[in-house]
Number of protein chains: 2
Amino acid sequence: MASDGLRPVTRSPLYEQVAERLRDFIDAQQLQPGDRLMSERELAERLGVSRTSVRQALTALRVQGLVEIKHGEGVFLLRGPSELVPNLASEIVSSEVDHPMIWEVREAIEVQAARLAARRRKRADLEAMRAALDMMETAVAGGEDGVVEDRRFHRALVEAAGNPLLRQLTEQLSDVIDRTSEASLTLAGRPQVSLLSHRAILAAIEHGDEAGAAEEMRKHVMASGERVVAHARQGR
Amino acid sequence: MASDGLRPVTRSPLYEQVAERLRDFIDAQQLQPGDRLMSERELAERLGVSRTSVRQALTALRVQGLVEIKHGEGVFLLRGPSELVPNLASEIVSSEVDHPMIWEVREAIEVQAARLAARRRKRADLEAMRAALDMMETAVAGGEDGVVEDRRFHRALVEAAGNPLLRQLTEQLSDVIDRTSEASLTLAGRPQVSLLSHRAILAAIEHGDEAGAAEEMRKHVMASGERVVAHARQGR
DNA sequence: TCTTGTCCAGTGGTTGGACCAGTATGCCAC
DNA sequence: GTGGCATACTGGTCCAACCACTGGACAAGA
């Protein structure tokens, strides 16, 4: 399917345009954290839109953590112009699975998850990981890449870590993580190696060997990352 | 300064309550990604609020990536109930600085940051960290707790890691991290010990000793966490 | 029978204006 | 000074109307 130049027209809502104008404004004026914006009524007049639209835009900026809205006082800047784009993760990364930065973050999170899993190792968690690996072994033996089963294993491991906050972070990055895993496992010979690494990690966890589990996971993530990055460079 | 139970009352805006109700609703109903919510008008009536407030709440949920709003069609769920509450960090944690979960996450992120900082160690970054430590030394010598300087050091370290994604994660957790640091440094004798740990970490980074930097940071974070948790248990 | 056009009901998007509620400020009586 | 009060801002909420878009029902035409 070729790009036929007939992709659907996308009209962006007014409040979104307003939000963008406001971002541009605080950037152009070089407003600093703590500075106060104009009142909603004045903004509405200057932008030529209704106050409702301004309020919707401000709500959006508020959710993004850019401004703080104080009843009776005004709207105050929380972060400087330099710290825009809070969705850096999905923005920058989505198209560049081979960026080392992602692998470094995976290393941070998953190594700690492995360590904590080894510390806690509930029976149900261990069985979930074992099951995921068995499924992956079957898939790999059948010539598949085992992407789905790999994902299942990593999620089970994070679950086994028993840390809701850590779990939340991985879910937030799940898109990126899944992409990187896929990029790794579609490399020739990689699924077999990955499976062995997983077995080693699980073994350490089962023995309650925190340091060992952490180190095995670190080696695993690093190796995967290096292979993907190298392959990407080669392709360019 | 003791907790006097007279902190300012915080009235949450209506649209925020509405947003929370909606989150609860899609959780209770176990709505799946792709499902459609009721119309804005119906939601307004059922919740007993104006359509304006509903729209503000929906805008917030949209920005958070929870729903997709399609003109002429309706509001559709993007993520399942499992991936709710992106602000879990500030929600759960704000009042429980002594929860081990936070320290475990700090360990994950900061250990990796130390490792990467040792790998890259740009001159400017090293100087920023040194400067922060010197300031902390002066503060501690003067009998202060050095909370501000400690924060400066940790931020400089994350900066030195040279990983924007990692940096973003720490910023997202900055509230929690700052609280935990403060809880640690206000314990008797802790600032002195912390300062020594920082010196050791920085030394390893300066030598480009990745494993050493990582291990020193791990010991530092673990020790801080254990002390805070122990002190909290004692207080109960 | 299949297509085409029209209409219509329901959806979100936007507006203006009104009023409620919280904050800061200055003035005034005490 | 202190407290009370009026006031002039600020954001928060509501309402009623209308615009813009979508999808489906349905009739007119090929």
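The sequence lines fix the lettering, A, B, ..., with proteins before strands; numbering per chain opens at 1. All values below were derived from every heavy atom in this structure, side-chain atoms included, with hydrogens, water molecules and symmetry-related copies excluded.
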Which pairs, protein N/O on one side and nucleotides 7-11 of chain D N/O on the other, fall under 3.5 Å?
{"from": "D/dG11", "atom 1": "OP1", "to": "A/Glu40", "atom 2": "N", "distance (Å)": "3.4"}
{"from": "D/dG11", "atom 1": "OP2", "to": "A/Glu40", "atom 2": "N", "distance (Å)": "3.0"}
{"from": "D/dG11", "atom 1": "N7", "to": "A/Arg41", "atom 2": "NH1", "distance (Å)": "3.0"}
{"from": "D/dG11", "atom 1": "O6", "to": "A/Arg41", "atom 2": "NH2", "distance (Å)": "3.2"}
{"from": "D/dG11", "atom 1": "N2", "to": "A/His71", "atom 2": "NE2", "distance (Å)": "3.3"}
{"from": "D/dG11", "atom 1": "N3", "to": "A/His71", "atom 2": "NE2", "distance (Å)": "3.2"}

Table of protein N/O atoms under 3.5 Å from nucleotides 7-9 of chain C N/O atoms:
none

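For B/Gln192, the side-chain contact (heavy atoms from CB on, under 4.5 Å) partners at least two apart in sequence or on another chain are B/Val140. Residues satisfying the salt bridge (charged side-chain N to carboxylate O under 4.0 Å, His left out) test with A/Arg36, not counting sequence neighbours, are none. Taking the salt bridge (charged side-chain N to carboxylate O under 4.0 Å, His left out) definition, one finds that B/Arg190 meets it with nothing, sequence neighbours left out. For B/Glu40, the salt bridge (charged side-chain N to carboxylate O under 4.0 Å, His left out) partners are B/Arg51, B/Arg55, not counting sequence neighbours. A/Tyr15 pairs by the ring-ring contact (aromatic ring centres under 6.0 Å, His included) definition with nothing, not counting sequence neighbours. Partners of A/Glu42 by salt bridge (charged side-chain N to carboxylate O under 4.0 Å, His left out), not counting sequence neighbours, listed by chain and number: A/Arg46.
One interatomic measurement links the two molecules: CD of B/Gln56 to C1' of C/dG12, which rounds to 16 Å at whole-angstrom precision. In this entry the distance linking CG of A/Leu47 with P of C/dG16 reads 13 Å, nearest Å. A/Glu68 has its CD atom 17 Å from the P atom of C/dG22, to the nearest Å. Rounding to whole angstrom units, OH of residue B/Tyr15 and C1' of C/dC20 are separated by 16 Å. One interatomic measurement links the two molecules: CG of A/Leu14 to C1' of C/dG12, which rounds to 13 Å at whole-angstrom precision. Taking atom CZ of residue B/Phe76 and atom C1' of nucleotide C/dG10, one finds them 12 Å apart after rounding to whole Å. Residue A/Gln17 contributes atom CD, which lies 13 Å from atom P of C/dG13 at whole-angstrom precision.
A salt bridge (charged side-chain N to carboxylate O under 4.0 Å, His left out) check over residues 138-154 of chain B, counting only residues at least two apart or in different chains, returns the pairs B/Arg151-B/Asp178.
Between A/Ser53 and C/dG13 there is no side-chain N or O to OP1 or OP2 distance below 4.0 Å.
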Does B/Leu173 form a side-chain contact (heavy atoms from CB on, under 4.5 Å) with B/Ile109? I'd like the steps, not just the answer.
CA-CA 10 Å; B/Leu173 297 172; B/Ile109 292 178; 3.8 Å; yes
